[in-house]
K.L.:
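Got a structure for you, written out below as structure tokens; questions coming shortly.
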Amino acid sequence: MTAMDMQTKVLDVRFRSQCRKTELCAFFESSWCSNAERCQFAHGAAELNSVPDLKKTSLCKKWMQFQCWRLSEQCSFAHGAQELRATQAYIQKPKHPKRTRKSCESASRQH
């Protein structure tokens, strides 16, 4: 796996984690969910997270092709880099598991 692939994977995980448990699990509500703790949906109101505000977090594809008829204030997407913003998931540094010198040494011996 290349460094670029790793970065893409980290960004994908960060993006997806923002939407985790923002909706109730339909299977849990009907009495059984096979995913249990791994479920991406909330098992009850106590687990519900708020939906992130994703407005202006990506460029408007139509605007980039000179085809967006909306004014910037009316469009959910950014009309230019100056309008782009980041959500909390992207502002916070990603959590990496602590690696000890011993685990790094054993990993290098495997290569």
Side-chain angles (χ1 to χ4, degrees):
M1 186 177 275
T2 67
M4 185 65 126
D5 292 338
M6 288 292 287
Q7 184 177 5
T8 301
K9 188 174 183 177
V10 167
L11 291 176
D12 186 53
V13 168
R14 290 170 80 182
F15 175 77
R16 289 177 187 272
S17 70
Q18 301 179 97
C19 299
R20 192 168 193 275
K21 300 204 183 266
T22 56
E23 296 178 49
L24 289 171
C25 175
F27 295 104
F28 184 79
E29 287 186 333
S30 65
S31 75
W32 191 73
C33 175
S34 62
N35 292 321
E37 295 298 316
R38 295 173 293 133
C39 187
Q40 299 294 308
F41 297 93
H43 290 175
E47 285 189 7
L48 274 174
N49 293 324
S50 59
V51 178
D53 178 10
L54 299 176
K55 289 182 190 124
K56 307 284 184 185
T57 57
S58 61
L59 288 171
C60 177
K61 291 178 182 174
K62 288 185 177 183
W63 177 82
M64 290 191 294
Q65 298 170 350
F66 305 101
Q67 295 176 351
C68 186
W69 55 268
R70 295 180 181 184
L71 295 173
S72 176
E73 300 81 30
Q74 297 170 329
C75 188
S76 297
F77 298 95
H79 285 190
Q82 73 282 359
E83 289 187 4
L84 282 172
R85 60 186 259 315
T87 60
Q88 276 305 117
Y90 283 87
I91 293 170
Q92 297 168 352
K93 289 187 178 183
K95 296 175 184 174
H96 293 290
K98 291 183 180 179
R99 296 178 75 177
T100 63
R101 184 179 181 105
K102 195 172 196 177
S103 67
C104 291
E105 288 172 0
S106 64
S108 65
R109 276 189 243 125
Q110 293 175 357
H111 295 289

K.L.:
Provide the closest heavy-atom pair for Ala45 versus Leu24 in the form atom of the first, atom of the second, distance.
P.N.:
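Smallest interatomic distance, heavy atoms only, reads N-CD2, 4.1 Å.
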K.L.:
Arg20 and Asn49: which non-hydrogen atoms are nearest, and at how many Å?
P.N.:
O-ND2, 3.0 Å
K.L.:
Please list all pairs meeting salt bridge (charged side-chain N to carboxylate O under 4.0 Å, His left out) that have one or both residues in residues 55-72, counting only residues at least two apart or in different chains.
P.N.:
Lys56-Glu83
K.L.:
Under 3.5 Å, sequence neighbours excluded: what are the donor-acceptor pairs made by side chains of residues 28-37?
P.N.:
unit_1, atom_1, unit_2, atom_2, d
Ser30, OG, Ala26, O, 3.3
Ser30, OG, Phe27, O, 3.0

K.L.:
Does Phe41 offer a backbone N or O that forms a donor-acceptor pair with the side chain of Lys21 under 3.5 Å?
P.N.:
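Pair found, side chain donor or acceptor close to backbone of Phe41.
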K.L.:
Strictly distance-based, threshold 3.5 Å: is any side-chain N or O of Glu47 a donor or acceptor partner for the main-chain N or O of Gly44?
P.N.:
no
K.L.:
Remaining members of Met64's ILVMFWY cluster at a side-chain heavy-atom cut-off under 4.5 Å?
P.N.:
Leu59, Trp63, Leu84
